[in-house]
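Please read the structure below before turning to the comments.
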There are 2 protein chains.
Amino acid sequence: MTSRTAEAPAGPPNPRRAEILGAAAELFARRGYHGASIGDLGRAVGLTGPALYRHFSGKEAVLAEMLLDISERLLAEGVRRAADPDPERALDALLGWHIAFALDNPALITVHERELDNVPEPQRHRVRRLQRAYVEEWVAVLRRLSPGLPDERTRAGVHACFGLLNSTPRSAAGLDRDAMGGLLHAMARSALEGVR
Amino acid sequence: MTSRTAEAPAGPPNPRRAEILGAAAELFARRGYHGASIGDLGRAVGLTGPALYRHFSGKEAVLAEMLLDISERLLAEGVRRAADPDPERALDALLGWHIAFALDNPALITVHERELDNVPEPQRHRVRRLQRAYVEEWVAVLRRLSPGLPDERTRAGVHACFGLLNSTPRSAAGLDRDAMGGLLHAMARSALEGVR
DNA sequence: TGCCGATGTTAACGGCCGTTAACAAGTCTA
DNA sequence: TAGACTTGTTAACGGCCGTTAACATCGGCA
């Protein structure tokens, strides 16, 4: 039994897989899932289209693995940072994490935000659960920070805050990374204070 | 000379065209430009695919007209509201306008945000100019409100603010329209204060 | 009444898409 | 050295896409 069309990455991390996933993220972000063909993905890493099937079971599998990976990474570190006993520091740590991720992986953030509907069904549910859990980490911290607020309002506020933070890839402003990070941090902090 | 495949809406407003544009906005927003076929668009208004060519010169023309219309509406009313001599009131008016538009036309806002790259070239440039002009209305108001701030930072802040406001369609939260509008207004105001 | 423009339909086109088949070359090992 | 596994290629498939052609129907008007 070999890893011909492995669905889950079990063995040693295959560098070719990672290379394909990186190129696919860029293409999916720029042109949308349906706007990027298998041939495009292959060409982006110096291969022909059909060669992709040596590493993934199909186009949907590429997207599914990409979104699962993002959601897991966001959640894992999110849980870690939200654990700070001081809710103020926890919130700043969450903001720092999400902002760093968005600035370092603009394509991933874009795909994560837009393409969930194209993930086939067994995995879509898992991604949705991970995304929801990530949101709940933020909600829990905000609840500690200002209890008594209706959860629905807090949740809506967190979603709006993500909209602000994830806008980074669209506004390739003339600001350098640190300035942009600082701006986003300040704006998001203020916006969340505006919720209560 | 009839209006067989009119590019620009000149004569009386054709209700069929408007109907198609509305259905197309919904489909483009939900599945992306490349994810919705001409057959889908036709079916959504009770027609077959080829019937669309009686009203538009092609699929790209549908998208182009949609984005031009949105950009023009946003800018026209934006100019009007930004003209308030009191910059505080001008900002609140801009916020109110953009929030109302986003809450009333979530599909349009989504398409406007995502699908510019699929607009063919003569019109893409016009849309970009209109979008830029709209942003500059906001920047001008903010400049009056806190002069001395570098324009680059202000512009980045406006883009981030749009990210917050335009996140509405993605967060179908359990809040009713007025509560959601109030929340977005409060968060955006605070976020923009965080810029300075 | 007879025509004509407007607005539909179905049938057919060329092309690109995702995917599979068949084959080739390199590498590792018994 | 012979075989097997891995990873690539090119060729071919069925299908859907955007678009055009050819034809039907209907309402308004000379």
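Residue numbering restarts at 1 for every chain, and letters A, B, ... go by the order of the sequence lines. What you see is a predicted model, and the numbers here were worked out from it, not measured in a lab.
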(request) Classify the nucleic acid contact of A:Gly49 as base, sugar-phosphate or nothing, counting any heavy atom under 4.0 Å across all strands shown. (result) nothing

(message) Given C:dA21, D:dG18, C:dG8, identify the nucleotide with an atom nearest to the side chain of B:Ala51.
(response) C:dG8

(request) Would you mind reading off the distance between A:Leu47 atom CG and D:dT7 atom P, rounded to a whole angstrom? (result) 12 Å

(message) Regarding A:His34 and A:Asn118, do their side chains bring together a donor and an acceptor under 3.5 Å, going by distance alone?
(response) yes

(request) Quickly work out the A:Leu41 CG to C:dC17 P distance and round it to whole Å. (result) 11 Å

(request) Give the rounded distance in Å between these two atoms: CG of A:Asn118 and P of C:dG18. (result) 12 Å

(request) Grab the CD1-P distance between B:Ile38 and C:dC13 for me, whole Å please. (result) 20 Å

(request) Could you check how far CZ of B:Arg54 sits from P of D:dA21, rounded to whole Å? (result) 11 Å

(message) Could you walk me through whether B:Met66 and B:Phe28 satisfy the side chain to side chain contact (heavy atoms under 4.5 Å, CB included) test, starting with their C-alpha distance in whole Å, then the side-chain angles of each, then the deciding distance to 0.1 Å, before giving a yes or no?
(response) CA-CA 11 Å; B:Met66 189 171 357; B:Phe28 288 165; 3.4 Å; yes

(message) Quick one about B:Ser37 and B:Asp40 (side-chain donor to acceptor, distance below 3.5 Å, no hydrogens or angles considered), yes or no?
(response) yes

(request) In whole angstrom, give the distance that lies between atom OH of A:Tyr53 and atom P of C:dA22. (result) 17 Å

(request) Would you please indicate yes or no on a ring centroid separation below 6.0 angstrom for A:Phe101 and A:His112? (result) no

(message) Side-chain N or O of B:Arg16 versus OP1/OP2 of C:dA6: is the shortest distance under 4.0 Å?
(response) no

(request) Looking at every strand, decide which applies to B:Thr48 at a 4.0 Å heavy-atom threshold: base, sugar-phosphate, or nothing. (result) base

(request) Please check the phosphate of C:dG8 (OP1 and OP2 only) for any side-chain N or O of B:His55 closer than 4.0 Å. (result) yes

(message) How many whole angstroms separate atom CZ of B:Arg17 from atom C1' of C:dA6?
(response) 14 Å

(message) What is the separation between atom NZ on A:Lys59 and atom C1' on C:dC17, rounded to the nearest whole Å?
(response) 8 Å

